[in-house]
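The next block holds one structure in the form of structure tokens; read it before the comments.
Proteins get letters first, then strands, A, B, ... in listed order; numbering begins at 1 in each.
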Amino acid sequence: MKLTELSARQIRYYEEQKLIFPKRNEGKTRQFSLNDIDRLLEIKEMLDASFTIKEIHKQFNKEGKPEQVSDEKIRIALYEDMMRESGLHGRH
DNA sequence: CTTCTTACA
DNA sequence: TGTAAGAA
């Protein structure tokens with residue numbers, strides 16, 4: 001709520017409309033990822049621009065997901081950067 | 001005290 | 001959307 005300036009009502013409603021997918025703690029409280037926050041901010045802007053929930057869905061379906069960057073890929077990338085900087089090459 | 005859901009306005 | 005109610 002603080003980061004997006006949105007009310008709890010709005011955030012919960014957007015989740016209901018499947019615009020965001022917060023994870024849950026033991027199926028209870030919502031855990032918002034940075035991506036959820038970004039999405040909420042975009043939703044907020046689009047709504048100000050008079051977009052409908054439906055149109056926002058289309059927008060998200062198009063823009064995004066040529067490739068999902070997994071934590072594992074990020075971990076490997078960081079490892080390779082470290083090897084490069086230390087002058088030691090070779091994968092793994 | 002806080003979040004969650006449901007339901008009414 | 002806001003807010004009241006009641007559960008957790």
Q: For A:E63, check side-chain hydrogen bond (donor to acceptor under 3.5 Å, both in side chains) against everything at least two apart and list the hits.
A: A:Q59
Output one line per pair: protein atom, nucleotide atom from nucleotides 3-8 of chain C, and distance, for all N/O pairs under 3.5 Å.
| unit_1 | atom_1 | unit_2 | atom_2 | d |
| --- | --- | --- | --- | --- |
| C:dT3 | O4 | A:R9 | NE | 3.3 |

Q) Got a sec, which residues hit side-chain contact (heavy atoms from CB on, under 4.5 Å) with A:S33, two or more places apart in sequence or on another chain? A) A:N35, A:D36
Q. Taking atom P of C:dT1 as reference, at what distance in whole Å does atom CD of A:E5 sit?
A. 14 Å
Q) Do you reckon A:F21 sits in the same ILVMFWY cluster as A:Y13, going by side-chain contacts under 4.5 Å, direct or chained? A) no
Q | Non-neighbouring partners of A:L47 that pass side-chain contact (heavy atoms from CB on, under 4.5 Å), sequence neighbours left out | A | A:Y14, A:I43, A:I56
Q.
A:Q31: which residues meet the side-chain contact (heavy atoms from CB on, under 4.5 Å) condition with it, sequence neighbours left out?
A. A:K23, A:N25
Q.
Please give me every residue in residues 10-21 of chain A whose heavy atoms get under 4.0 Å of an atom in DNA chain C, ordered by residue number.
A. A:Q10, A:Y14
Q: Applying salt bridge (charged side-chain N to carboxylate O under 4.0 Å, His left out), name anything that partners A:E15, two or more places apart in sequence or on another chain.
A: A:R24, A:R30
**Q.** By side-chain contact (heavy atoms from CB on, under 4.5 Å) - contacts of A:K2 (at least two apart)
**A.** none
Q. Does some side-chain heavy atom of A:I11 sit less than 4.5 Å from a side-chain heavy atom of A:F32?
A. yes
Q: If a pair satisfies side chain to side chain donor-acceptor pair (under 3.5 Å) and one of its residues is in residues 38-53 of chain A, list it, with sequence neighbours excluded.
A: A:T52-A:E55
Q: Could you identify which residues of residues 29-59 of chain A place a heavy atom less than 4.0 Å from some atom of DNA chain C, listed by residue number, or say none?
A: none
